[in-house]
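Just so you know, residue 1 is the first one in the sequence shown, and it goes up from there. The figures that follow rest on heavy atoms only: side chains count, while hydrogens, waters and symmetry mates do not. It should be emphasised that the depicted structure is a prediction, and the values quoted were computed from it without experimental measurement.
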Amino acid sequence: MATEHEERDGVRLSSLDSPLGDGLEVTKRQLVDHLDAFADRLVPLLAGRPLTIKRVRPGADPFIQRDVPKGAPDWVRTVATWSDRARREVHQVLCDDRRTLLWLGNQRAVEFHVPFSRVDDEHPTGLVLDLDPPDGADFDVVVRTAQLCRQALADAGLTAAVKTSGSSGVHVVVPVHGSPAEDVAAATRALAARAERLDPELATTQYVVAERGDRVFVDSTRSGRGTIAAAYSPRVRPGLPVSAPVGWDGLAGVRPGDVTVRTAADRYGDTDPWAASLPEPQLLPADLVAEGHTIPIARVAAMHEGKRRARAKAAASGD
């Protein structure tokens, strides 16, 4: 008979049969069981990378946490990093083994976001084009935009794997090697711009939401020093959908909520389709990097444009 308390790999798990969080429609046990079932596939994606998690609590809003939760066991590894938001040094968890993953699950950590760089090497191991559909759009527009990204990559001599974000969009991921973070970020901007040029009525690189219209946003800002939700990570949505690997040939038949913490284990069994779909790390073409360095960083450009408009509005009011 299931009990409220269990121990796995030396980790005491509590309140397993209680609701995980408000409106999520799953129990804490279902989250922990999913993480446990995919520990052999999740841990390699998380290991050695400073972890950002999203946690939930009944009766409270979900929250992002970079600093190690209070009361962490002494065997939980951390690394000191600087937080611009907190304006102080924080200690981020390194999820290098199953018991750390289970302990995080017991802390109601739902989402697992990692940078593309490991703590022992600042060179990114990949880049991502994150595709976000406009509100109310059919997922088909995301699929079509993903194919634009695939074409832009092919034109540059690169290949990628694709997965759902687990939210509403798609991640197009390119394993890379040999380039510093600034060059990887630049190459991602160039790829996004090239995808946009292939069909500017479908895709946009406009960072300001109001200027996107009904186009799919090709977000290049997560590469370089940003983070990505790991494959097989749940997302804080009703039913806890999972960021799910999909093949390019099967992308058209996929929807973001198809795979959840309830269904992932049955769907994938012991297989690891994400590892199987990832191409070998690739060198970024010099012309792609050079083009990207001529493109302003999206959020910085949006910030400057916002300030310019505010000054113009203030000047007009003064007149």
**Request:** Name all residues meeting the ring-ring contact (aromatic ring centres under 6.0 Å, His included) criterion together with F38; count only those two or more places apart in sequence or in a different chain, and write none if there are none.
**Result:** H34, Y232
**Message:** Using the side chain to side chain contact (heavy atoms under 4.5 Å, CB included) criterion, which residues pair with D22? Sequence neighbours excluded.
**Reply:** P58
**Request:** For salt bridge (Lys or Arg N to Asp or Glu O under 4.0 Å), just list the numbers for E291 and R189, CA-CA rounded to whole Å, side-chain angles, deciding distance to a tenth of an Å, and then say yes or no.
**Result:** CA-CA 9 Å; E291 179 184 339; R189 293 195 297 274; over 6 Å; no
**Prompt:** Going by side-chain heavy atoms closer than 4.5 Å, which hydrophobic residues are tied to I64, directly or by a chain of links?
**Reply:** none
**R262: partners by side chain to side chain contact (heavy atoms under 4.5 Å, CB included), with sequence neighbours left out** = E25, V26, Q30, T260
**Item:** salt bridge (charged side-chain N to carboxylate O under 4.0 Å, His left out) partners for R108, two or more places apart
**Value:** none
**Asked** How would you list, by chain and number, every residue that makes a side chain to side chain contact (heavy atoms under 4.5 Å, CB included) with H177, sequence neighbours excluded?
**Response** P281, L283
**Message:** According to side chain to side chain donor-acceptor pair (under 3.5 Å), who are the partners of K163, at least two apart in sequence or on a separate chain?
**Reply:** H171, S243
**Request:** Hey, could you give me each pair passing salt bridge (charged side-chain N to carboxylate O under 4.0 Å, His left out) that has a residue in residues 131-142? Not counting sequence neighbours.
**Result:** D140-R144
**Asked** Residues sharing L94's hydrophobic cluster, by side-chain heavy-atom contacts under 4.5 Å among ILVMFWY, directly or via others?
**Response** V79, V119
**Fill in**
Sorted by chain and residue number, the side chain to side chain donor-acceptor pair (under 3.5 Å) partners of R8 (sequence neighbours excluded) come out as E6, D33, D36
**Prompt:** With sequence neighbours excluded, what pairs up with D96 under the side chain to side chain donor-acceptor pair (under 3.5 Å) test?
**Reply:** R77
**Sequence-distant partners of D155, side chain to side chain contact (heavy atoms under 4.5 Å, CB included), two or more places apart** = Q151
